[in-house]
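A short worksheet on the structure shown next.
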Number of protein chains: 2
Amino acid sequence: MNDQPPEKNNIVQAVDVCIDVLLNVAKNPDVRLTEIAQNIGESKPRILRMLRTMERRGLVRKSDTGTYRLGTTAIVLGTAASTQVDLVRIANPILEELGQKANETTQLRIIDNGESLCIAKFEPMRDLRVQAMIGRRRPLTAGSYKVLLAYLHPQVQQQMIPDILPKLTNRTITDRAKLILELEKIKRQGFCVSFGEVSEQLVSVSVPVLAFDGSVIAAVNVGAPAFRTQRSDVDRFIVLLKDAASKISARLGW
Amino acid sequence: MNDQPPEKNNIVQAVDVCIDVLLNVAKNPDVRLTEIAQNIGESKPRILRMLRTMERRGLVRKSDTGTYRLGTTAIVLGTAASTQVDLVRIANPILEELGQKANETTQLRIIDNGESLCIAKFEPMRDLRVQAMIGRRRPLTAGSYKVLLAYLHPQVQQQMIPDILPKLTNRTITDRAKLILELEKIKRQGFCVSFGEVSEQLVSVSVPVLAFDGSVIAAVNVGAPAFRTQRSDVDRFIVLLKDAASKISARLGW
DNA sequence: AGAGATAATTACGACTAGCGTAACATCGAC
DNA sequence: GTCGATGTTACGCTAGTCGTAATTATCTCT
């Protein structure tokens, strides 16, 4: 699941594997021992021992049918984490304000492991709205999350862009050169608008949250159904987003 | 921090210690390596290796001043856990409804490691309100959380009650025999009201969430400032609480 | 600013924790 | 009831991991 080069040793393998298990259970609720073991390529006894250890501490819970889910300790950890991670703690109220004003779903995304990862969100009270989910990953090369890529040093940027660009819809950019051009444009204008690049019916607008040195910390995003989003709405979103992003930057101390 | 008897081996110690570390960071944000090490009684190199392993995976994050906090992966895990733990997923909307009606703070608590543990909460929009916190622990013997104790088998009950009862305020019950009597009363009437047993100025009312076999799963709770809570309010809370508790029971499949 | 104290990190040999194999038990399906 | 699959246990061997002790970085106080 994750190991490119032999990877240097200074880490505790058992712990590393156990994190794999945890993430596996998070991603696949009600997964069975055998499944986990083959998902991460380890032996069953090993995984069993780890699950047992984590179960005693309430990190996972084994149902009476033998399937595993995350447990209450994970909830406690997550709640504590939300208040400890500055970015999330600060962004949350701002995301909500932004979401109220735009009356659409908002997200905060960071780069994690070559993908964009949603770490905070707000969904307005509205019958039809874009659904966001903390923990959901998306390619960096599709949709407005490209802003996360646009401000990186060209070298790092190159590494982040895979050889074949995943094609999510027929509007997704699949040509590397074209993507680079797009990234330059994004950097120039300071935002990115995606019309159906990730999902056919959705419009997505993102703006970078920048650190004092101009490096990207995260991206704030508004997602809306295409049918009710006019050009003028997009323009409005951009203004709101830039405001939100600079508030977050400021509150982070810049 | 936790080890009663030598504790049998079938668990992975490294993982167990690493959970200790995680919980320690959760409880003490911005803790340093040395602190963690002595908090849980392990050597520094060992803890360092574990922190490094977890940092690579985003479970913890090391600030540039060398202190540790939980990381984004912990948020992701916690969010996933909230949707995977049936009790919490089901209770959340019910807690909110209850909290809206009572216009006071509501909590869901379970027994965990001989204490009561808050695993879900709702706070109403109100200038002055009781503050609740997911992950906060309280004694089982003080306040309305006694309901969690009341329905246990007498044997188990005895084990849960420590020899000396922690005295949080001067209204806290500190006499064992008196506590037992109180527990019997709670079981008879199906709820527990606490006037300032945990915190001087607070009223707390709890009702048990029962399984089909009459065992306690959790406790639902309303907490309110004493000065604005009349006898009639308490009665109203009890009705609301019983309703909420039975809804949760029902949705859990009973 | 420099000396002393404290904390973080590295290196490495020793040892046992923890791994895998393989046998066994349990469960489900047909 | 038999077969296949999954979960669990036992145990001997090995390498992962631990602690000591030395080293470096960081902080503190005068």
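All heavy atoms count here, side chains included; hydrogens, waters and symmetry mates do not. Chain A is the first sequence line, chain B the second, and so forth, proteins listed ahead of strands; every chain is numbered from 1.
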Quiz item: Rounded to the Å, how far apart are I47(B) CD1 and dA7(C) C1'?
Solution: 15 Å

Quiz item: Rounded to whole angstroms, how far apart are CG on L48(B) and P on dA22(D)?
Solution: 19 Å

Exercise. Starting from the C-alpha separation in whole Å, work towards a yes-or-no answer on salt bridge (charged side-chain N to carboxylate O under 4.0 Å, His left out) for D112(B) and R137(B).
Key: CA-CA 9 Å; D112(B) 185 88; R137(B) 292 165 181 280; 3.0 Å; yes

Self-check item: Along DNA chain C (nearest heavy atom to each residue), the more 5'-positioned of R32(B) and V12(B)
Solution: R32(B)

Quiz prompt | Interatomic distance, M50(A) CE vs dG16(D) C1' [rounded to whole Å] | solution = 11 Å

Practice problem: Calculate the interatomic distance between K44(B) atom NZ and dT24(D) atom P; express it in whole Å. | Solution: 16 Å

Exercise. Whole angstrom is fine here: how far is it from CZ in R46(B) over to C1' in dA8(C)?
Key: 19 Å

Exercise. Kindly determine whether E35(B) and R32(B) satisfy side-chain contact (heavy atoms from CB on, under 4.5 Å), including the steps that lead there.
Key: CA-CA 5 Å; E35(B) 242 175 309; R32(B) 308 193 132 273; 3.8 Å; yes

Practice problem: Specify the separation, in whole Å, of atom CD of Q13(A) and atom P of dG16(D). | Solution: 5 Å

Quiz item: When you check every protein heavy atom under 4.0 Å of nucleotides 22-30 of chain C, what one-letter string (B, S, -) results, 5' to 3'?
Solution: ---------

Quiz prompt | Closest nucleotide among dT9(C), dT8(D), dG19(D) to the R52(B) side chain | solution = dT9(C)

Practice problem: Please tell me if the side chains of L108(B) and I94(B) come closer than 4.5 Å, counting only heavy atoms from C-beta onward. | Solution: no

Quiz prompt | Separation of dA5(D) P from E35(A) CD (nearest whole Å) | solution = 15 Å

Quiz prompt | Which atom of T141(B) lies closest to which atom of P166(B), heavy atoms considered | solution = OG1-CD, 3.7 Å

Practice problem: Could you check how far CZ of R49(B) sits from C1' of dA8(C), rounded to whole Å? | Solution: 14 Å

Quiz item: Using rotation axes that map the C1' atoms of four end pairs onto the next four (five pairs an end), what angle separates the end axes of the helix from dA1(C)-dT30(D) to dC30(C)-dG1(D), to 10°?
Solution: 60°

Self-check item: Pairwise 5' ranking along DNA chain C for K62(B) and E42(A), keeping only the more 5' one
Solution: K62(B)

Quiz item: Does NZ or CZ of R138(A) lie under 6.0 Å from the centre of the six-membered ring of Y145(A), at an angle within 45° of the ring axis?
Solution: no

Quiz prompt | Closest listed nucleotide, where the reference is the side chain of N10(B) and the choices are dT9(D), dT17(D), dA8(C) | solution = dT9(D)

Quiz prompt | Donor-acceptor side-chain pairing of R89(B) and T83(B) below 3.5 angstrom | solution = no

Quiz prompt | Contact under 4.0 Å: S43(A) side-chain N or O vs dG20(C) OP1/OP2 | solution = yes

Quiz item: What closest approach, in Å, do V88(A) and S82(A) show between heavy atoms, and which atom pair accounts for it?
Solution: CG1-O, 4.1 Å

Quiz item: Between Y68(A) and A14(B), who's closer to the 5' end of DNA chain D by nearest nucleotide?
Solution: Y68(A)

Quiz item: Can you find a heavy atom in the side chain of T106(A) that is under 4.5 Å from one in the side chain of K121(A)?
Solution: no

Quiz item: Quick one: does R69(B)'s side chain get under 4.5 Å of D86(A)'s, heavy atoms only?
Solution: yes

